[in-house]
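Working notes for the structure below.
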Amino acid sequence: MSSREVILGRVRAALGPEPSTPADVARDYRPAGGAVHLDVLVHRLTDYRATVHRCSDGEVAQVVDAILGGRRVVIPAGLPRHWLPESVDVLIDDNLRREDIATADGVVTAAAVAVAETGTVILDAAADQGRRVITLLPDVHICVVRTDQVVAGVPDALARLDPHRPLTWISGPSATSDIELNRVEGVHGPRHLHVVIVPRADTAEQAG
C-alpha cells in the first residue's frame, strides 16, 4: 500500500460514512428589513477616513465648490447639473480617454445604495454614476447619496441591486498597507472620498 493510499484511508476513516441525504442548511441568519440609522452610516464612513457632508439637494453645489472649486472635474453624463458650481471645469464622460480622466482633479457621481452597517457606498454604473474608471483615476471622489438610498445591511442592499450590472463597492478612500503595515492611500483609487448625504427626493421637492 502506498503512502497516498494510507493517507486517504485515514481521511475517509475520520470523515465517517457518507450521509445518505444532504444535511439541512440553517437559514436562520438575519434577513433584510432592518431599521436604517443614518448616524451609523456617518460613523462608519468617518471611521474609514471618508469626509461626510449633510446638506439639502440645493446646497450640493456649494459643497462641491468648497472641495473642488477652480479645478477640473469629471462627471457622468446623467449627473444632475445643479449639483455643480460654475467654478469647476467640467469634463463629461462620453468615453473619455483614461489619460484625460487621470488629469482631472476629481469626480462627482451619484450612488445606487449605501449600507449603514458597513459604511459602504455602492455604484451600479447608472447614468448618474457612470463608468467605474472615472471613480478610480481622479484623486478626489465626491459621491452624493440620498437618504432613501441608505439601507441597514448588506442583505437589504442586495435586495435592491441588479446583480447583472457592474457594481462598485466603496468603503472609504482607497487604502492599502506596505510590508511594514504602514497605511498607504490612493494606490487603487482616490485618496479622498467625500460623501454628501441629502434628503430623499420627495422630501427635497416638498421643501422646495
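Bear in mind the structure is a predicted one, so any value in this text is a computation, not a measurement.
- In this structure, Val196 is a member of the same hydrophobic cluster as Val90, with clusters built from ILVMFWY side-chain heavy atoms closer than 4.5 Å.
- Note on residues 51-81: pairs passing ring pair (Phe, Tyr, Trp, His ring centres under 6.0 Å), not counting sequence neighbours, are His53-His194.
- Pairs of residues two or more places apart, or lying in two chains, that qualify as salt bridge (charged side-chain N to carboxylate O under 4.0 Å, His left out) and include a residue from residues 122-137 are Asp93-Arg131, Asp124-Arg165.
- Distance check: Leu68 CG to Asp89 CG gives 11.5 Å after rounding to the nearest 0.5 Å.
- Residues that satisfy the side chain to side chain contact (heavy atoms under 4.5 Å, CB included) test with His43, not counting sequence neighbours, are absent from this structure.
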Can I get a per-line list of side-chain donor-acceptor pairs under 3.5 Å for residues 99-109, giving both atom names and the distance, sequence neighbours left out?
| unit_1 | atom_1 | unit_2 | atom_2 | d |
| --- | --- | --- | --- | --- |
| Asp100 | OD1 | Arg97 | NH2 | 3.2 |
| Asp100 | OD2 | Arg97 | NE | 3.2 |
| Thr103 | OG1 | Asp100 | O | 2.8 |
| Asp105 | OD2 | Arg72 | N | 3.0 |
| Thr109 | OG1 | His141 | NE2 | 2.9 |

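- Across all non-hydrogen atoms, the minimal contact from Val115 to Val154 is CG1-N, 3.7 Å.
- At least one donor-acceptor pair under 3.5 Å links the side chain of Asp156 to the backbone N or O of Gly33.
- Val63 has its side chain within reach of Cys55: a pair of non-hydrogen atoms, C-beta onward, lies under 4.5 Å apart.
- Linking Ile, Leu, Val, Met, Phe, Trp and Tyr whenever their side-chain heavy atoms come within less than 4.5 Å leaves Trp83 and Val74 in two separate clusters.
- When all heavy atoms of Ala77 and Ile92 are compared, the pair lying nearest together is CA-CG2, 3.9 Å.
- When every heavy atom of Ala112 is checked against every heavy atom of Leu161, the shortest pair comes out as CB-CD2, 4.2 Å.
- Here the closest non-hydrogen pair linking Ala35 and Ala152 is O-CB, 3.2 Å.
- Between Thr135 and Pro190, every side-chain heavy-atom pair lies at or beyond the 4.5 Å cut-off.
- Residues Ser56 and Pro199 share a closest heavy-atom pair of CA-CD, 3.9 Å.
- Considering only residues two or more places apart in sequence or on other chains, Arg54 meets the salt bridge (Lys or Arg N to Asp or Glu O under 4.0 Å) condition with Asp39.
- Here the side chains of His192 and Thr51 are not in contact, with every heavy-atom distance at 4.5 Å or above.
- When each of Leu84, Asp65, Val198 is checked for a side-chain contact (heavy atoms from CB on, under 4.5 Å) with Val60, only Val198 meets the rule.
- With hydrogens and angles disregarded, no donor-acceptor distance shorter than 3.5 Å links the side chain of Arg44 to the backbone of Thr118.
- Taken together through direct or relayed side-chain contacts under 4.5 Å among Ile, Leu, Val, Met, Phe, Trp and Tyr, Ile142 and Leu79 form part of one hydrophobic cluster.
- Hydrophobic clustering keeps Val150 apart from Ile122 (ILVMFWY residues linked when any side-chain heavy atoms are closer than 4.5 Å, directly or through intermediates).
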Worked verdict on Leu41 versus Ile197 for side chain to side chain contact (heavy atoms under 4.5 Å, CB included)
CA-CA 10 Å; Leu41 174 65; Ile197 301 175; 4.1 Å; yes
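- Atoms CG and CZ, on Leu193 and Arg49 in that order, are 13.5 Å from each other to the nearest 0.5 Å.
- Sorted by first and then second residue, the pairs that involve residues 73-82 and meet side chain to side chain donor-acceptor pair (under 3.5 Å), not counting sequence neighbours, are Asp57-His82.
- Within the 4.5 Å cutoff, no side-chain heavy atoms of Leu38 are placed close to those of Val40.
- Here CZ of Arg200 is found 12.5 Å from CD of Gln149. Values are rounded to the nearest 0.5 Å.
- Contact record, Ala157 with Val151: N-CG2, 3.7 Å, taken as the closest heavy-atom pair.
- Linking Ile, Leu, Val, Met, Phe, Trp and Tyr whenever their side-chain heavy atoms come within less than 4.5 Å leaves Tyr48 and Ile170 in two separate clusters.
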